[in-house]
Amino acid sequence: MIFYALAGAFSFALSAALHQRAAAQQPRFAALDPRLLLRLFRNRLWLSGWIPDTAGVVFQVLALRSGALAVVQPIMASGLFMAVLIEAVIAGQRVARRDLLAVAVGVVGLTAFLLLADVRAGVTRPAPTAWTVAMSCAVAAITACVLAARRRHGAARGALLGVASGVAYSFAAALVKDLAGGSPGSLLSAVVSWRSAALIVAVAIGLILNQAAFQHGRLAAPLTALTLTDPVVSVLVAITVFRETLSDEPIRIVGLVLAAVTVGGGVWLAASACSAGSVEDRRR
């Protein structure tokens, strides 16, 4: 499971670096404007990014089939470091120290979570009603981030859209786990189920918001927000929908709260660090 998760992390990191470079070269569009995707579908660099992305999906599915959602998603966040390094190599630039600091803070928070959490498996196929509250909260969170992003510029806007896309992608991953947990021989029923339709919608929304986020600031801001939001939301979905459980020891709970705060600090630092970097670039 760990091997598949790490392989998926690298694949998604390479894909993100290629997609961000392609998206940053396009004219600016509104957060949910599909015209950005229409332009990107004609961009060779962006299309090439789907090769590692597809590999990442395969590795992610394999990891989710054998591991708990609350463990797999945080492990895949290790691709954040890889993406920042890959971006620097592609652009032929030095890695910004503040970007690495932001990534380090976020990854430390996730690592602490993995060490402190005592994850216990839950149900493999939750009832449709179990998704109602979780999906309603997700829609509200995505809407709030998109509206807030309209009043922001640069890396801050990219980070907000990254959070929104992270929420959408986390639900897509959860739906994949739900579909993968079906009984053997139920392929047809899975294809025509509401889960497949919801998966398509979640992926589409996540993709549009993701590419829009890549248009603002360096890769670290939107990708840090996306990558760190994804596992946090995945944990909430795992607990509320799949009934996966974490450690209930008081000391561990305090540690988990501090780890979550550290993750949030990583997102904030990424946005502020990239904003500072943008100002410095304009002064040169």
Side-chain angles (χ1 to χ4, degrees), residues 12 15-16 19-41 43 46 49 53 73 77 80 83 102 106 131-176 197-237 240-241 260 263-275 278:
F12 284 134
S15 173
H19 284 168
Q20 189 271 344
R21 187 167 180 81
Q25 298 171 351
Q26 304 300 317
R28 297 289 174 84
F29 292 94
L32 291 173
D33 193 331
R35 287 180 296 176
L36 174 59
L37 284 183
L38 294 177
R39 290 183 63 92
L40 289 173
F41 274 120
N43 186 286
W46 189 80
D53 189 85
Q73 293 305 103
L80 194 52
W131 288 96
T132 304
V133 175
M135 285 189 171
S136 298
C137 292
V139 171
I142 291 173
T143 302
C145 287
V146 171
L147 292 177
R150 291 183 177 180
R151 299 190 294 270
R152 299 292 189 274
H153 301 282
R157 184 173 185 177
L160 284 168
L161 294 178
V163 170
S165 58
V167 172
Y169 280 148
S170 67
F171 268 81
L175 288 165
V176 168
L199 175 60
I200 293 173
V201 173
V203 170
I205 292 176
L207 179 59
I208 295 175
L209 291 173
N210 189 4
Q211 304 311 309
F214 283 162
Q215 291 195 301
H216 303 278
R218 295 194 300 270
L219 180 60
L223 191 59
T224 299
L226 188 159
T227 306
L228 299 183
T229 298
D230 191 332
V232 171
V233 175
S234 292
V235 168
L236 296 177
V237 175
T240 59
V241 178
V263 168
V267 175
W268 173 83
L269 186 58
S272 60
C274 289
S275 294
S278 298

_If you compare all heavy atoms of Trp46 against all heavy atoms of Leu37, which two are closest, and at what distance to 0.1 Å?_
CZ2-CD2, 4.0 Å

*Could you walk me through whether Phe29 and Gln211 pass the side chain to side chain contact (heavy atoms under 4.5 Å, CB included) check?*
CA-CA 10 Å; Phe29 292 94; Gln211 304 311 309; over 6 Å; no

*Please name the pair of heavy atoms, one in Ala31 and one in Ala212, separated by the smallest distance, quoted to 0.1 Å.*
O-CB, 3.6 Å

*Passes side chain to side chain contact (heavy atoms under 4.5 Å, CB included), Tyr169 versus Asn210? Steps please.*
CA-CA 9 Å; Tyr169 280 148; Asn210 189 4; 3.4 Å; yes

*Report the relative orientation of the aromatic rings in Trp131 and Phe171; use parallel for angles under 30°, tilted for 30 to 60°, perpendicular for over 60°.*
tilted

*How far apart are the closest heavy atoms of Pro222 and His216, and which atoms are they?*
CD-O, 4.0 Å

_Ile208 CD1 to Ser165 OG distance, which is reported to the nearest 0.5 Å_ = 11.5 Å

*Do Gln20 and Leu223 pass the side chain to side chain contact (heavy atoms under 4.5 Å, CB included) test, and can you show the C-alpha distance, the side-chain angles, and the key distance before you say yes or no?*
CA-CA 9 Å; Gln20 189 271 344; Leu223 191 59; over 6 Å; no

*Could you give the distance from CG (Leu36) to CG (Leu207), rounded to the nearest 0.5 Å?*
9.0 Å

*In sequence, state the C-alpha distance, the side-chain angles, and the governing distance for Leu226 and Val163, and then conclude on side chain to side chain contact (heavy atoms under 4.5 Å, CB included).*
CA-CA 5 Å; Leu226 188 159; Val163 170; over 6 Å; no

*Considering all heavy atoms of both residues, which atom of Ser136 and which atom of Thr132 are nearest to each other, and what is their separation?*
OG-O, 2.9 Å

*Flag the pair Met135 / Leu175 as yes when at least one side-chain heavy-atom distance between them is below 4.5 Å, and no otherwise.*
yes

*Interatomic spacing from OG1 in Thr143 to CG in Leu32 - rounded to 0.5 Å*: 8.5 Å

_Results of side-chain hydrogen bond (donor to acceptor under 3.5 Å, both in side chains) for Arg39 - residues two or more places apart only_ = Gln26

_Taking every non-hydrogen atom, the tightest pair across Ala164 and Ile142_ = O-CG1, 3.7 Å

*Gap between atom NE2 of His19 and atom CG of Leu40 - 0.5 Å precision*: 8.0 Å

_Any donor-acceptor N/O pair, Ser15 side chain to Gly49 backbone, under 3.5 Å_ = yes

*asked:* According to side-chain hydrogen bond (donor to acceptor under 3.5 Å, both in side chains), who are the partners of Gln215, at least two apart in sequence or on a separate chain?
replied: none

_Please find the pair of heavy atoms, one from Gly162 and one from Ala213, that lie closest to each other, and give the distance._
N-CB, 3.8 Å

_Interatomic spacing from CG in Leu161 to CZ in Arg150 - rounded to 0.5 Å_ = 10.5 Å

